[in-house]
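Remarks on the structure that follows.
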Amino acid sequence: MGEPRITMATREVLSSFLAKPAEEHYGLQIAEAAGLPGGTIYPILIRLEQCGWLESRWEDIDPQQEGRPARRYYRLSERGAQAAPVALAKRSRRGVLGLRPHGGAA
């Protein structure tokens with residue numbers, strides 16, 4: 001359970017969680033907040049959950065009564081709430097593309 005790879009898309013997903021860190025979010029909410037398609041965010045959510053930064057649960061509803069499928073809700077774990085801001089700050093210091101400044105060592 002190491003640190004996940006922080007891509008630009010992962011940054012957007014983490015930023016959407018950090019905007020409301022105590023709340024649960026479901027996939028479509030996260031996709032809209034991050035400005036990314038659903039097909040992009042789900043692999044990121046799985047990766048963040050596997051490394052212990054997110055926790056998830058299925059909504060307890062009757063899909064027929066609600067007229068929609070149950071949603072999977074995600075929230076930052078305690079570990080994720082501590083690690084995500086640090087990882088985003090570290091990534092910001094390295095630059096948008098994650099490159100080191102020319103001629104310098106990081």
Side-chain angles (χ1 to χ4, degrees):
M1 284 205 310
E3 185 174 305
R5 185 170 43 100
I6 307 295
T7 63
M8 291 299 289
T10 303
R11 286 176 52 117
E12 294 302 321
V13 169
L14 288 173
S15 293
S16 71
F17 277 100
L18 291 170
K20 296 180 181 179
E23 293 184 18
E24 291 183 314
H25 310 267
Y26 62 92
L28 185 57
Q29 279 180 318
I30 299 164
E32 288 175 356
L36 298 167
T40 299
I41 65 150
Y42 287 104
I44 294 168
L45 294 173
I46 291 167
R47 207 169 53 238
L48 292 172
E49 188 170 22
Q50 287 175 340
C51 76
W53 286 25
L54 294 180
E55 298 170 344
S56 69
R57 69 172 181 87
W58 282 103
E59 178 180 37
D60 187 20
I61 64 163
D62 178 348
Q64 286 196 331
Q65 187 175 20
E66 295 295 324
R68 63 172 174 80
R71 295 173 177 154
R72 187 165 188 93
Y73 282 94
Y74 298 86
R75 72 176 183 86
L76 285 171
S77 65
E78 186 175 322
R79 180 173 183 229
Q82 293 173 0
V86 174
L88 291 181
K90 187 184 344 178
R91 175 74 182 188
S92 292
R93 285 194 304 271
R94 290 180 61 201
V96 173
L97 297 176
L99 302 175
R100 295 180 182 149
H102 181 71

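Remember, it's a predicted structure, so these values are computed and weren't measured experimentally.
No side-chain heavy atom of Arg71 sits under 4.5 Å from any side-chain heavy atom of Glu66. In this structure, the side chains of Ile30 and Leu36 stay at 4.5 Å or more apart for every pair of heavy atoms. Side-chain contact check for Tyr74 versus Leu48: every heavy-atom pair is 4.5 Å or farther apart. Proximity of Gln29 to Lys20: side-chain heavy atoms (C-beta onward) are nowhere separated by under 4.5 Å. Looking at heavy atoms from C-beta onward, Glu3 lies in side-chain contact with Trp53 at the 4.5 angstrom threshold. Residues Lys90 and Ile6 have side chains not in contact (no heavy-atom distance under 4.5 Å, counting atoms from C-beta outward).
Contact record, Ala19 with Pro21: C-CD, 3.7 Å, taken as the closest heavy-atom pair. Between Ile61 and Ala70, the shortest heavy-atom distance links the atoms CD1-CA, 3.8 Å. Taking all atoms of both residues into account, the shortest heavy-atom contact from Pro63 to Pro69 is CB-CA, 4.2 Å. Nearest heavy-atom pair, Ala33 versus Ser16, reported as atom, atom and distance to 0.1 Å: CB-CB, 3.6 Å.
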**OP:** Start with the C-alpha distance between Glu12 and Ile44, add both sets of side-chain angles, then the distance that settles side-chain contact (heavy atoms from CB on, under 4.5 Å), and finish with yes or no.
**Re:** CA-CA 10 Å; Glu12 294 302 321; Ile44 294 168; over 6 Å; no
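Remark: Arg5 CZ is loosely packed, at most 12 non-hydrogen atoms of other residues, nucleotides or ligands lying under 6.0 Å away.
Cluster annotation: Leu18 is connected to Leu54 through the hydrophobic network of ILVMFWY side chains, with a link wherever side-chain heavy atoms come within less than 4.5 Å. When the side chains of ILVMFWY residues are joined at heavy-atom separations under 4.5 Å, either directly or via intervening members, Leu76 and Tyr73 end up in two distinct hydrophobic clusters. Both Tyr42 and Val13 are assigned to one and the same hydrophobic cluster, defined by single-linkage of ILVMFWY side chains at heavy-atom distances under 4.5 Å.
Put simply, the side chain of Ser77 gets close to the backbone of Gly52: a donor and an acceptor are under 3.5 Å apart.
Arg72 CZ to Glu59 CD: the interatomic distance, rounded to the nearest 0.5 Å, is 12.0 Å. With rounding to the nearest 0.5 angstrom, the CD atom of Glu24 is 9.5 Å from the CD atom of Glu55. For the atom pair CZ of Arg47 and CD1 of Ile41, the computed distance is 12.0 Å after rounding to the nearest 0.5 Å.
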